[in-house]
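So the structure is just underneath, and the comments pick up after that.
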Amino acid sequence: MSKRLEIASILKQPPLNETITVMGWVRAFRNNRFIALNDGSSFHNLQVVIDPEQLDEQILKQIHFHSCIKATGQLVESKGAGQAFEVIASEVEILGDSSPEEGYVLQPKAQTPEFLRENAHFRMRTNTFSSVFRIRHGIAFAIHKYYNDRGYYYMHTPIITGSDAEGAGEMFHVSVFEPNKAPTLPDGSIDWKQDFFAKATNLTVSGQLQAEMGALAMGKVYTFGPTFRAENSNTSRHLAEFWMIEPEVAFFDIHDDMDLAEDFCKYLIRYILDTYPDDVAFLDKRIEDLEKNMPKEQRRPMGLLETLRFVVDNDFERITYTEAVDILLNSKPYKKGQFEFPIEWGKDLQAEHERFLVEREFQKPVIVRNYPKDIKAFYMRLNDDGKTVAAMDVLFPGIGEVIGGSQREERHGHLVKRMQEMNIPEHELWWYLDLRRFGGAPHAGFGLGFERMVQFITGMSNIRDVIAFPRTPGSAEF
RNA sequence: GCCUCAGUAGCUCAGUCGGUUAGAGCGGCGGACUGUUAAUCCGUAGGUCGUAGGUUCGAGUCCUACCUGAGGCGCCA
């Protein structure tokens with residue numbers, strides 16, 4: 001019996017004229033004779049050629065779209081034009097039929113992402129989704145490689161958190177109480193002291209505060225883990241469960257932080273361009289085909305591949321919030337009254353404003369820094385002007401904010417004052433304040449939305465299509 | 001949470017001004033095919049028109065509510 005080989009390794013080093021065994025899923029079956037087989041090891045298929053007259057009729061009938069088969073035969077140079085090699089099968093075995101008659105619904109044609117999302121248990125068998133998930137893996141790997149190569153330590157921050165003050169929106173509660181059976185105090189409120197952790201707990205919305213402990217001891221750390229937000233956000237850029245990367249670095253100021261963010265983004269894109277060129281090329285072609293049928297104004301200004309290369313090859317634009325406001329106030333859409341929301345120093349930039357800056361004014365990624373303190377979180381470092389904080393957002397074309405970060409407030413007095421102003425209970429974050437009282441240091445960090453980066457690199461328009469199991473309001477299937 | 005649009009065969013869609021038996025391509029099923037590239041060709045089956053009400057002689061088509069999905073906004077990564 002010949003050894004089973006993966007298609008990726010066969011294409012890399014073809015064992016020509018040897019008898020080999022391959023296993024995989026049928027992507028196409030043409031002319032009763034040609035099977036395009038894919039085993040996921042590579043974007044590419046291997047053609048298996050069968051002789052319908054020699055093959056058992058029962059087996060022939062089970063060679064359906066996405067049936068799983070095992071084929072043994074000689075690897076030869078292909079007589080056809082579409083591929084270099086093919087296997088002349090002497091033996092074919094059906095490992096798993098996938099009969100449409102029994103209800104298999106996927107078809108060998110373009111299918112909508114919405115339909116495939118409803119059939120998410122099968123969608124990785126398609127070209128598009130297998131490419132997306134190979135690239136997703138590649139980005140995850142590159143993240144660890146990037147930080148490991150630079151002396152950062154990977155830190156696991158808690159998924160269940162006891163602090164209610166992380167300041168990043170609605171949280172999912174974690175409790176062992178049965179609904180409506182929770183013990184209550186005389187005033188009717190729930191007695192969390194009787195719960196599993198003897199306090200109210202939630203799923204984490206950020207590992208940043210804990211990562212700061214690491215940075216102020218180990219110097220350079222990063223987290224990469226699941227993050228949960230119970231916000232009722234219904235957009236193509238939001239998930240209730242997503243993955244976030246949060247580097248946190250001692251002795252970094254806001255400029256070091258921006259340098260890291262830019263270098264990191266470019267590294268990830270370059271890594272994927274270098275490592276998964278076939279998958280990127282396919283996704284590039286996919287978007288080109290999709291946009292053929294769209295009106296010009298809805299198309300991207302550049303193709304996917306072109307956009308990725310452009311981001312890698314050009315410096316990100318860096319401006320302050322105050323400069324951004326000035327640019328917007330002098331912009332054509334503002335003067336023509338085309339913005340829906342007002343522009344005024346002190347108000348947060350709306351999506352339409354960010355989009356103008358990134359897609360019209362600069363036409364490249366933009367880092368906006370030094371936001372008014374009143375629209376940002378308590379832990380961001382107050383600038384000398386007393387009005388702004390050392391915060392920065394990295395804005396990408398198409399998907400908006402990919403990174404949000406800041407230099408952290410390391411001065412104990414300043415931090416306490418901010419917490420009081422913003423009604424953050426000091427006793428809950430006693431340890432966070434202690435980090436400023438004992439051996440504190442300037443430090444900075446940011447959070448990168450993993451799925452948003454995957455979205456950007458793959459060009460998928462909905463974030464639900466770059467995570468295997470999307471969790472969104474009203475939806476937790478699979 | 002707000003706004004807009006959509007829901008017709010397994011999938012993607014067409015269905016005119018409210019009018020008789022609801023249409024196509026793909027897929028399925030049956031057949032043909034020794035070089036195909038989402039193969040092609042011939043034949044064939046398949047629909048309670050999202051759900052519930054309402055208007056009307058008559059509703060896929062008009063109205064109301066709800067459900068589901070998409071896009072945009074807000075919130076954010």
Side-chain angles (χ1 to χ4, degrees), chain A residues 26-36 44-54 61 64-66 76 78-83 86 88 99-119 126-127 166-170 205-208 224 226-246 261 289 293 298 339-341 348-355 375-377 393-396 399-405 446-456 461-465 467 472-475 477:
Chain A
V26 174
R27 288 289 181 87
F29 184 33
R30 294 181 285 264
N31 207 2
N32 241 6
R33 186 167 295 273
F34 303 103
I35 298 167
H44 297 281
N45 301 325
L46 183 66
Q47 176 153 287
V48 174
V49 184
I50 61 161
D51 184 345
E53 319 231 315
Q54 298 297 312
K61 279 191 170 174
H64 290 113
F65 181 62
H66 285 177
V76 298
S78 178
K79 288 185 223 166
Q83 56 284 315
E86 62 193 15
I88 306 299
S99 165
E101 232 179 345
E102 299 291 322
Y104 190 66
V105 291
L106 265 58
Q107 294 178 25
K109 67 167 188 177
Q111 313 215 64
T112 59
E114 293 80 28
F115 175 71
L116 291 170
R117 216 175 288 152
E118 286 169 15
N119 294 283
T126 65
N127 280 331
E166 291 173 12
E170 294 296 311
V205 292
S206 164
Q208 178 209 315
F224 182 12
T227 308
F228 306 88
R229 306 249 169 116
E231 229 95 57
N232 193 7
S233 293
N234 293 288
T235 81
S236 57
R237 305 180 297 282
H238 285 88
L239 291 164
E241 176 180 307
F242 64 100
W243 288 63
M244 188 155 64
I245 301 97
E246 297 179 285
D289 291 345
N293 303 318
Q298 284 180 35
F339 286 133
E340 188 189 339
F341 292 90
D348 209 353
L349 301 178
Q350 302 296 311
E352 59 178 359
H353 306 142
E354 293 180 348
R355 189 159 289 163
I375 59 173
K376 288 290 180 184
D393 285 354
V394 180
L395 311 174
F396 267 29
I399 47 172
E401 189 179 339
V402 172
I403 283 179
F446 61 77
L448 174 125
F450 179 62
E451 281 78 10
R452 286 190 182 171
M453 183 55 82
V454 180
Q455 230 188 321
F456 182 74
S461 52
N462 195 311
I463 201 163
R464 295 165 199 196
D465 298 327
I467 185 166
T472 54
S475 173
E477 193 62 54

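The analysis underlying the following values was restricted to heavy atoms, covering all of them including side chains, and did not include hydrogens, waters or symmetry mates. Treat the numbers as computed from the prediction; the structure is a model and nothing was measured.
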### Query
Tell me: CZ of A/Arg237 to C1' of B/rG72, nearest whole Å?
9 Å
### Message
Can you tell me which nucleotide in B/rC33, B/rA77, B/rG1 comes closest to the side chain of A/Asn232?
### Response
B/rG1
### Query
Are the side chains of A/Val394 and A/Phe396 in touch, meaning some heavy atoms are under 4.5 Å apart?
yes
### Query
Paired with B/rU34: which nucleotide, if any, by Watson-Crick or G-U wobble criteria at under 3.5 Å for both distances?
none
### Query
Is B/rG25 paired to anything, Watson-Crick or G-U wobble with both distances less than 3.5 Å, and if yes, which nucleotide?
B/rC11
### Query
Across the strands shown, which category fits A/Ala36 at heavy-atom distances under 4.0 angstrom: base, sugar-phosphate, nothing?
nothing
### Message
So is the aromatic ring of A/Phe242 stacked onto the base of B/rA77, judging by whether the centres are under 5.5 Å apart and the planes are under 30° apart?
### Response
yes
### Query
How far does CZ of A/Arg452 sit from CZ of A/Phe242, to the nearest 0.5 angstrom?
7.5 Å
### Query
From the list B/rA39, B/rG74, B/rG35, which nucleotide is the closest neighbour of the side chain of A/Ala28?
B/rA39
### Side-chain donor/acceptor contact of A/Ser233 with base of B/rC75 under 3.5 Å
yes
### Query
Ignoring hydrogens and angles, does a donor from either the side chain of A/Arg30 or the base of B/rU37 sit under 3.5 Å from an acceptor on the other?
yes
### Task
Indicate, with a heavy-atom threshold strictly under 4.0 Å, whether A/Thr235 touches base, sugar-phosphate, or nothing.
base
### Query
For the side chain of A/Glu86 and the base of B/rG35, is some donor closer than 3.5 Å to an acceptor across the two?
yes
### Message
Using a heavy-atom cut-off of 4.0 Å across all strands, would you classify A/Glu340 as base, sugar-phosphate, or nothing?
### Response
nothing
### Query
Taking N and O atoms by type only, does the side chain of A/Gln47 place a donor or acceptor under 3.5 Å from a partner on the base of B/rU36?
yes
### Task
In whole angstrom, give me the gap between the C1' atoms of B/rG15 and B/rG23.
7 Å
### Summary
Comparing A/Ser475 with A/Pro108, nearest RNA chain B nucleotide closer to 5' gives the residue A/Pro108
#### Entry: Gap between atom CZ of A/Phe29 and atom CD1 of A/Ile35 - 0.5 Å precision
5.0 Å
#### Entry: Pair A/Tyr104, A/His64: side-chain N/O donor-acceptor within cut-off below 3.5 Å
no
### Summary
Shortest non-hydrogen pair, A/Arg464 vs A/Thr235, comes out as NH2-O, 3.8 Å
### Task
Searching all strands shown, indicate the nucleotide that pairs with B/rC17 (Watson-Crick or G-U wobble; both distances under 3.5 Å).
none
### Task
For B/rU61 versus B/rA22, give the span between their P atoms, rounded off to a whole number of Å.
15 Å
### Assigned partner base of B/rA45, Watson-Crick or wobble definition, under 3.5 Å
none
## Note on the structure
Rounded to whole Å, the CG-P distance (A/Leu395 to B/rA77) equals 12 Å
### Summary
Using Watson-Crick geometry (N1-N3 plus N6-O4 or O6-N4) or G-U wobble (N1-O2, O6-N3), each under 3.5 Å, B/rC75 is paired with none
### Task
Remember a base hit wins even if backbone is also touched, and classify A/Glu101 as base, sugar-phosphate or nothing at under 4.0 Å, heavy atoms.
sugar-phosphate
### Query
Distance between the P atoms of B/rC3 and B/rG60, in whole angstroms?
30 Å
### Query
Does any non-hydrogen side-chain atom of A/Leu116 lie less than 4.5 Å from one of A/Leu106?
yes
### Query
Donor-acceptor pair under 3.5 Å: do we get one between A/Gln350's side chain and the base of B/rG74?
no
### Task
Could you check whether A/Gly404 gets within reach of a base, just the sugar-phosphate, or nothing at all, counting any heavy atom under 4.0 Å?
sugar-phosphate
### Task
For A/Asp348 and B/rC73, give me the distance from atom CG to atom P, rounded to whole Å.
14 Å
### Query
Quick one: A/Phe115 CZ to B/rC26 P, roughly how many Å, whole number?
18 Å
### Query
What is the distance from NE2 of A/His64 to C1' of B/rG28, rounded to the nearest Å?
9 Å
## Note on the structure
Partner of B/rA6 under the Watson-Crick or G-U wobble criteria, both distances under 3.5 Å, comes out as B/rU68
### Task
Have a look at A/Thr112 and say if it touches a base, only the backbone sugar-phosphate, or nothing, with a 4.0 Å heavy-atom cut-off.
sugar-phosphate
### Query
Between A/Phe65 (CZ) and B/rC26 (C1'), how many Å, whole number?
12 Å
### Nearest-angstrom distance, P atom, B/rG31 to B/rA14
35 Å
#### Entry: Position toward the 5' end of RNA chain B (nearest nucleotide), A/Gly474 or A/Phe450
A/Gly474
#### Entry: Any A/Asn462 side-chain N or O less than 4.0 Å from OP1/OP2 of B/rG71
yes
### Message
Tell me if the side-chain of A/Gln83 makes a donor-acceptor pair with the base of B/rU36, cut-off 3.5 Å, by modelled atom types.
### Response
yes
### Message
Closer than 3.5 angstrom, by distance alone: can the side chain of A/Gln83 be matched with the main-chain N or O of A/Ser78 as a donor-acceptor pair?
### Response
no
### Message
Considering every strand and a 4.0 Å limit on heavy-atom distances, what is the contact class for A/Asn234: base, sugar-phosphate, or nothing?
### Response
base
### Distance, rounded to the nearest Å, where A/Arg355 contributes CZ and B/rC73 contributes C1'
10 Å
### Query
Looking across every strand, which nucleic acid part, if any, lies under 4.0 Å from A/Phe341 by heavy atom: base, sugar-phosphate, or nothing?
sugar-phosphate
### Query
Within this structure, what is the CD-to-P distance between A/Glu114 and B/rA6, rounded to whole angstrom?
16 Å
### Query
Which part of the nucleic acid, if any, lies within reach of A/Ile403 when heavy atoms closer than 4.0 Å are counted: base, sugar-phosphate only, or nothing?
sugar-phosphate
### Task
Specify the closest pair of heavy atoms between A/Ile467 and A/Glu451, including all atoms of both residues, with the distance to one decimal.
CD1-OE2, 3.4 Å
